Amino acid sequence: QSRYGQGELASKRDTIIKIDPMSIGVFGSAGMNLHTSSFSGFTGIPSCCPAYTSASSTGSSFGFLGQYAMTSNIGLGMRLGYNGLSGVFTSSEEQYVMSQQGIATITHTLETTLGILSIEPEFILSLGALKLSAGAWLGLPLSMQFSQRETVFPGTFDGFNRIRNEMSGDIPATPSLLVGAVGGISYELPLNSVKSIRLAPEIRAFTVFSELSEETSWNVMDRIVTGK
């Protein structure tokens with residue numbers, strides 16, 4: 001994350017530095033999406049899965065940010081970003097399969113692709129170069145899609161096919177607004193003598209309280225380690 005402050009002033013001996021209280025910048029991050037759930041499928045979509053309980057995948061976020069320092073220690077911030085919160089659910093069970101005349105393993109796979117625009121107002125506590133932040137996470141779903149299939153091994157479902165209930169489309173009953181919380185810790189490293197350009201490596205995490213589909217029990221937490 002590079003931050004650009006306005007109105008910097010330094011003496012020839014660099015003994016006086018004045019940073020404008022307003023700063024803007026960009027951020028980028030990558031980390032692990034952790035999904036927790038308890039549902040067997042989406043309403044109206046054929047599924048024989050007993051339950052999907054968890055999923056994980058790597059994801060990324062990027063966008064713009066602004067910060068305003070009210071005092072030397074307290075500030076307010078705002079971020080606008082795009083978040084890729086995809087996850088791949090799998091669930092396996094053993095069943096008697098007629099075509100196999102025996103027990104086979106049926107694997108249920110549900111891949112979700114989630115693209116969400118986030119707005120993150122936050123409170124910032126500055127301890128020198130160390131920054132602690134916490135605030136709200138508000139998400140506007142842009143693209144919420146799924147792809148599912150069920151496979152059997154050994155044997156087939158009907159004497160011919162190893163795959164059934166294969167389909168994809170939009171996730172039904174997605175909310176218009178997602179609500180969550182966010183927090184992080186960063187350390188600012190100045191990149192020039194007047195500290196007007198700064199790099200801030202950060203550890204940041206957010207969790208979504210809202211159900212990602214209103215007909216399921218399904219939430220996501222994103223743990224991010226980022227050089228921003």
Side-chain angles (χ1 to χ4, degrees), residues 29-62 82-118 137 139-182 203-226:
S29 62
M32 184 66 67
N33 301 328
L34 303 176
H35 296 253
T36 58
S37 63
S38 178
F39 69 101
S40 58
F42 301 121
T43 301
I45 308 298
S47 174
C48 297
C49 179
Y52 293 114
T53 58
S54 64
S56 63
S57 71
T58 56
S60 62
S61 300
F62 56 87
Y82 177 85
N83 304 269
L85 301 181
S86 302
V88 180
F89 296 85
T90 58
S91 178
S92 297
E93 58 177 328
E94 292 187 347
Q95 285 189 2
Y96 180 84
V97 177
M98 185 70 69
S99 63
Q100 175 66 17
Q101 295 293 306
I103 299 297
T105 299
I106 299 175
T107 301
H108 310 268
T109 303
L110 175 64
E111 300 178 6
T112 60
T113 304
L114 314 179
I116 299 173
L117 178 70
S118 65
W137 189 95
L140 304 174
L142 301 178
S143 176
M144 306 280 279
Q145 297 182 322
F146 79 95
S147 174
Q148 72 169 33
R149 63 186 179 277
E150 298 171 4
T151 59
V152 62
F153 184 82
T156 63
F157 287 112
D158 54 11
F160 301 98
N161 299 304
R162 293 185 181 275
I163 301 176
R164 71 180 181 189
N165 289 336
E166 185 175 23
M167 57 189 63
S168 60
D170 293 331
I171 296 174
T174 56
S176 57
L177 177 66
L178 300 169
V179 178
V182 64
I203 298 175
R204 188 175 179 87
F206 67 85
T207 184
V208 180
F209 303 137
S210 306
E211 307 293 351
L212 297 178
S213 173
E214 294 175 347
E215 298 174 348
T216 67
S217 174
W218 174 23
N219 306 93
V220 63
M221 176 179 179
D222 193 305
R223 295 178 181 175
I224 298 173
V225 179
T226 173

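Because only heavy atoms are used, hydrogens play no part in the values below, and waters and symmetry mates are left out as well, while side chains stay in. Since we're looking at a predicted model, the values are computed, not measured. Residues: numbered from 1 along the sequence shown.
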Task: Mutual orientation of the aromatic rings belonging to Phe89 and His35 [parallel < 30°, tilted 30-60°, perpendicular > 60°] - done: perpendicular

Task: Inter-residue atom distance Leu117.CG - Ser143.OG, 0.5 Å rounding - done: 13.0 Å

Task: Test side-chain hydrogen bond (donor to acceptor under 3.5 Å, both in side chains) applied to Gln95 - qualifying residues, sequence neighbours left out - done: Glu93

TODO: Nearest 0.5 Å please: distance from the CZ atom of Phe157 over to the CD1 atom of Ile106.
DONE: 4.5 Å

Task: Reported CG-to-CD1 distance for the pair Leu142 and Ile116, which is rounded to 0.5 angstrom - done: 8.0 Å

Task: Closest approach of Pro46 to Gln148 (non-hydrogen atoms, all atoms of both residues) - done: O-NE2, 2.7 Å

Task: pair Asn165-Cys48: side-chain heavy atoms closer than 4.5 Å - done: yes

Open item on the list: I'd like to know if the side chain of Ser91 and the backbone of Tyr52 have a donor-acceptor N/O pair within less than 3.5 Å.
Closed with: no

- [ ] Kindly give the heavy-atom pair with the smallest separation between Asn161 and Val152, and that separation in Å.
- [x] O-CG1, 4.5 Å

Open item on the list: Which heavy atom of Met32 sits nearest to which heavy atom of Ser56, and what is that distance?
Closed with: SD-CB, 4.0 Å

Task: Thr43: partners by side-chain hydrogen bond (donor to acceptor under 3.5 Å, both in side chains), with sequence neighbours left out - done: Glu215

Open item on the list: My understanding is that only residues two or more places apart in sequence, or in another chain, count here; which of them pass side-chain hydrogen bond (donor to acceptor under 3.5 Å, both in side chains) with Ser118?
Closed with: Asn83, Glu120

Open item on the list: Arg164: which residues meet the salt bridge (charged side-chain N to carboxylate O under 4.0 Å, His left out) condition with it, sequence neighbours left out?
Closed with: Glu150

Task: Beyond-backbone contact of Thr36 with Met221, side-chain heavy atoms, under 4.5 angstrom - done: no

Open item on the list: Can you give me the closest heavy-atom contact between Pro50 and Ser40, atom names plus distance?
Closed with: O-CB, 3.7 Å

Open item on the list: Does anything in residues 109-118 form a salt bridge (charged side-chain N to carboxylate O under 4.0 Å, His left out)? List the pairs, not counting sequence neighbours.
Closed with: Glu111-Arg149

For residues 168-178, which side-chain donor-acceptor pairs fall under 3.5 Å, sequence neighbours excluded?
none

Task: Donor-acceptor contact present, side-chain Ser57 to main-chain Ser86, <3.5 Å - done: yes

